[in-house]
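Everything numeric in this text was worked out from a predicted model, so none of it was measured.
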Amino acid sequence: MAQQEKVLATDEAVALMDLLQEKHGPLMFHQSGGCCDGSSPMCYPRGEFRVGDSDILLGYVNDTPFYMSKDQYEYWKHTQLIIDVVEGRGGMFSLENPEGKRFLIRSRVFE
């Protein structure tokens, strides 16, 4: 049985990532957990956010690495994460903020 990918993205999320890559170059995502900005995936220019020993790489979406804190992953390890986009303001430091859209995570439990 093939292992399912841990993180995917909708077509809308990929389109927004493409737009952001044109403006900012290669991207990265980090999902830290917590409230406020920490509850949404944050999109940064690749290398701007320093990942450490407390972070794990869940996979790549649209050639973009997606990291999550180990503590947060313990809660999400049985789910597949899907990066999506909705209208509205994103996290203060996330690159999509000026676009009037924000990334969010949807999930489904692995079968």
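A 4.5 Å side-chain heavy-atom check between I105 and I82 finds every atom pair outside the cut-off. Side-chain atoms of L27 and R46, non-hydrogen and from C-beta on, never get closer than 4.5 Å to each other. Counting heavy atoms from C-beta outward, F110 and T79 have side chains that stay 4.5 Å or more apart. Under the 4.5 Å side-chain criterion, counting only non-hydrogen atoms from C-beta, K23 is in contact with E99. Between P26 and T64, the closest side-chain pair of non-hydrogen atoms is not below 4.5 Å. Residues Y67 and Q31 form no side-chain contact, since every pair of their non-hydrogen atoms from C-beta on lies 4.5 Å or further apart. Residues F66 and P41 are in side-chain contact: their nearest non-hydrogen atoms beyond the backbone lie under 4.5 Å apart.
Atom CG of L81 sits about 6.0 Å away from atom CG of L58, to the nearest 0.5 Å. With rounding to the nearest 0.5 Å, the separation of NZ in K6 from NE2 in H78 is 9.5 Å. We find the CG-CG distance between N62 and L20 to be 10.5 Å, quoted to the nearest 0.5 Å. Expressed to the nearest 0.5 Å, how far CE of M17 lies from CD of E12 amounts to 11.5 Å. Atom CZ of residue R50 and atom CG of residue D55 lie 12.0 Å apart, to the nearest 0.5 angstrom. Residue K101 holds its NZ atom at 6.5 Å from CG of L16, rounded to the nearest 0.5 Å.
Under a hydrophobic clustering in which Ile, Leu, Val, Met, Phe, Trp and Tyr are joined whenever their side-chain heavy atoms come within less than 4.5 Å, directly or via other members, L8 and M68 fall into different clusters. Cluster membership for L104 and M28, using ILVMFWY side-chain heavy atoms within less than 4.5 angstrom, is not shared. Under the 4.5 Å side-chain heavy-atom criterion for grouping Ile, Leu, Val, Met, Phe, Trp and Tyr, Y73 is connected to Y75 within one hydrophobic cluster.
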message: Evaluate M42 against F49 for side chain to side chain contact (heavy atoms under 4.5 Å, CB included), listing each step before the verdict.
response: CA-CA 10 Å; M42 301 294 284; F49 182 89; over 6 Å; no
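Residues R102 and S40 come closest through the heavy atom pair NH1-OG, 3.9 Å. Contact between S69 and H30 at its shortest, heavy atoms only, is N-NE2, 4.2 Å.
For residues 61-86, the set of pairs meeting the salt bridge (charged side-chain N to carboxylate O under 4.0 Å, His left out) definition, not counting sequence neighbours, comprises E74-K77, D84-R106.
Between Y44 and F29, the ring centre distance reaches or exceeds 6.0 Å.
Side-chain N or O atoms of S94 include one that pairs as donor or acceptor with a backbone N or O of C43 at under 3.5 Å.
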